[in-house]
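The first residue in the sequence is number 1, and the count goes up from there.
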Amino acid sequence: MISSTHPRGSVGATPASAGMSPASDERHRFFLVRHGETDWNVAGRLQGRRDVPLNALGRIQAGSVGRVLHQLAGPPEELAFISSPLVRATETMRILRTSLDLPAHDFSTDIRFAELSFGRWEGQTWPELRRRDFDAVRKRDRDPWRFVPPEGESYVDLSRRVTSAISELPGDAVIVTHGGVIRAALHVLAGMPAEEAAVLPVRQGAVYVVSGGRFDVAD
């Protein structure tokens with residue numbers, strides 16, 4: 001099922017980052033997949049760069065995404081497959097490729113598609129952080145796009161590396177990555193305003209199809 005979930009004001013928008021080539025945005029389709037569920041997702045813990053494996057539901061979601069891609073993307077042999085190197089993403093990629101009858105391990109990884117770093121906040125929940133670091137969390141609430149967690153990075157930083165990685169892709173691509181990266185990509189490629197992208201819920205078990213300055217969500 002394809003849902004019409006274009007961000008407000010972004011339908012037909014041009015890329016939001018000057019570093020992105022408009023030609024690559026117009027010609028190519030990007031199939032963005034958030035990794036399947038983990039136990040840390042269930043607990044509400046900030047994962048960031050921590051290596052947390054999929055749970056049972058996450059593995060089911062990864063297989064479901066493969067079936068959705070089969071309907072959306074055409075011959076899978078014509079697609080590039082790139083993953084974040086974090087284990088929850090590579091495990092998702094192996095499962096979805098298996099569901100497409102492709103060799104499980106025949107894909108590339110790119111550290112630029114790794115999740116937003118939360119630095120010293122990783123492993124904690126938002127309620128815990130509000131008790132321990134209330135002033136910093138309030139500061140983030142006011143400007144989540146530009147806020148830099150202690151020893152972490154902002155969405156501004158993340159957008160730069162995502163822009164660099166996507167601009168190097170030669171054609172249509174399946175990218176298995178993380179919620180923060182998808183938010184940045186929708187800002188860069190579909191013109192979603194930063195303040196909306198920063199708080200966008202990104203679904204697991206779905207495919208975000210981005211092309212021509214627009215996006216749809218399919219599951």
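- Both V217 and V188 are part of a single hydrophobic cluster, where members link through side-chain heavy atoms under 4.5 Å apart.
- Placement of V156 and V181 within a single hydrophobic cluster is found when ILVMFWY residues are connected by side-chain heavy-atom separations under 4.5 Å, directly or transitively.
- The closest side-chain heavy-atom distance from V176 to L96 is below 4.5 Å.
- Across V65 and A206, no two heavy atoms sit closer than the pair CG2-N, 3.8 Å.
- Of the N and O atoms on the side chains of N41 and Q204, at least one donor lies less than 3.5 Å from an acceptor on the other residue.
- To the nearest 0.5 Å, the span separating CZ on R88 from CZ on R50 amounts to 10.5 Å.
- The shortest heavy-atom contact between T90 and S83 is N-OG, 3.6 Å.
- Once rounded to the nearest 0.5 Å, the distance linking CZ of R29 with CG of D172 reads 4.5 Å.
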Going through the distances and angles, do E115 and S84 end up as a side chain to side chain donor-acceptor pair (under 3.5 Å)?
-> CA-CA 8 Å; E115 180 59 298; S84 157; over 6 Å; no

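- Side-chain atoms of H105 and M93, non-hydrogen and from C-beta on, never get closer than 4.5 Å to each other.
- You'll find the side chain of L69 reaches within 4.5 Å of the side chain of V174, heavy atoms only.
- Electrostatic pairing of D141 and R138 does not count as a salt bridge here, judged by no charged N lying under 4.0 Å from a carboxylate O.
- Looking only at side-chain heavy atoms (C-beta outward), I82 and T109 stay at 4.5 Å or farther from each other.
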Give the intermediate values and the outcome of side-chain contact (heavy atoms from CB on, under 4.5 Å) for residues L186 and I182.
-> CA-CA 6 Å; L186 294 181; I182 292 175; 4.2 Å; yes

Run the side-chain contact (heavy atoms from CB on, under 4.5 Å) check on H178 and H35 step by step: do they pass?
-> CA-CA 6 Å; H178 308 267; H35 62 82; 3.3 Å; yes

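- Under the 4.5 Å side-chain criterion, counting only non-hydrogen atoms from C-beta, R203 is not in contact with R34.
- Residues that satisfy the salt bridge (Lys or Arg N to Asp or Glu O under 4.0 Å) test with R146, not counting sequence neighbours, are D143.
- Annotation: salt bridge (Lys or Arg N to Asp or Glu O under 4.0 Å) contacts of R45 (sequence neighbours excluded): E128.
- The minimum heavy-atom distance linking T98 with A104 is given by the pair OG1-CB, 3.7 Å.
- Both V202 and V210 are assigned to one and the same hydrophobic cluster, defined by single-linkage of ILVMFWY side chains at heavy-atom distances under 4.5 Å.
- Hydrophobic clustering (side-chain heavy atoms under 4.5 Å, transitive across Ile, Leu, Val, Met, Phe, Trp, Tyr) groups L189 together with L116.
- Under the salt bridge (Lys or Arg N to Asp or Glu O under 4.0 Å) criterion, D39 pairs with no residue, sequence neighbours left out.
- Side-chain contact between L102 and F81 is present, with heavy atoms from C-beta onward closer than 4.5 Å.
- Within the cation-pi definition used here (under 6.0 Å to the ring centroid, within 45° of the axis), R97 does not qualify as a partner of F107.
- Between L54 and E37 there is no side-chain heavy-atom pair separated by less than 4.5 Å.
- H187 places a side-chain N or O within donor-acceptor distance of the main-chain N or O of M192, the cut-off being under 3.5 Å.
- Remark: side-chain polar atoms of R130 are not paired, donor with acceptor, to backbone N or O of V137 under 3.5 angstrom.
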Verdict with reasoning, V42 to L57, per side-chain contact (heavy atoms from CB on, under 4.5 Å) = CA-CA 11 Å; V42 176; L57 176 58; over 6 Å; no

Please step through side-chain contact (heavy atoms from CB on, under 4.5 Å) for the pair L32 and V207, ending with a clear verdict.
-> CA-CA 6 Å; L32 307 176; V207 181; over 6 Å; no

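- Ring geometry, W126 versus F118: the interplanar angle exceeds 60°, so the pair is classed perpendicular (tilted spans 30 to 60°).
- Partners of F147 under the ring pair (Phe, Tyr, Trp, His ring centres under 6.0 Å) rule, at least two apart in sequence or in another chain, are W121.
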Kindly determine whether E153 and R49 satisfy salt bridge (charged side-chain N to carboxylate O under 4.0 Å, His left out), including the steps that lead there.
-> CA-CA 11 Å; E153 64 181 336; R49 298 300 185 87; 3.6 Å; yes

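- Residue A184 comes nearest to S159 through the heavy atom pair CB-OG, 3.7 Å, listed as atom of the first residue, atom of the second, then distance.
- The ring pair (Phe, Tyr, Trp, His ring centres under 6.0 Å) check on Y155 picks up W145, with sequence neighbours excluded.
- Every salt bridge (Lys or Arg N to Asp or Glu O under 4.0 Å) that D110 has, sequence neighbours left out, goes to R112.
- With contacts defined as side-chain heavy-atom distances shorter than 4.5 Å, the pair F31/L79 qualifies.
- Residues V52 and Q47 approach most closely at CB-OE1, 3.4 Å, considering heavy atoms.
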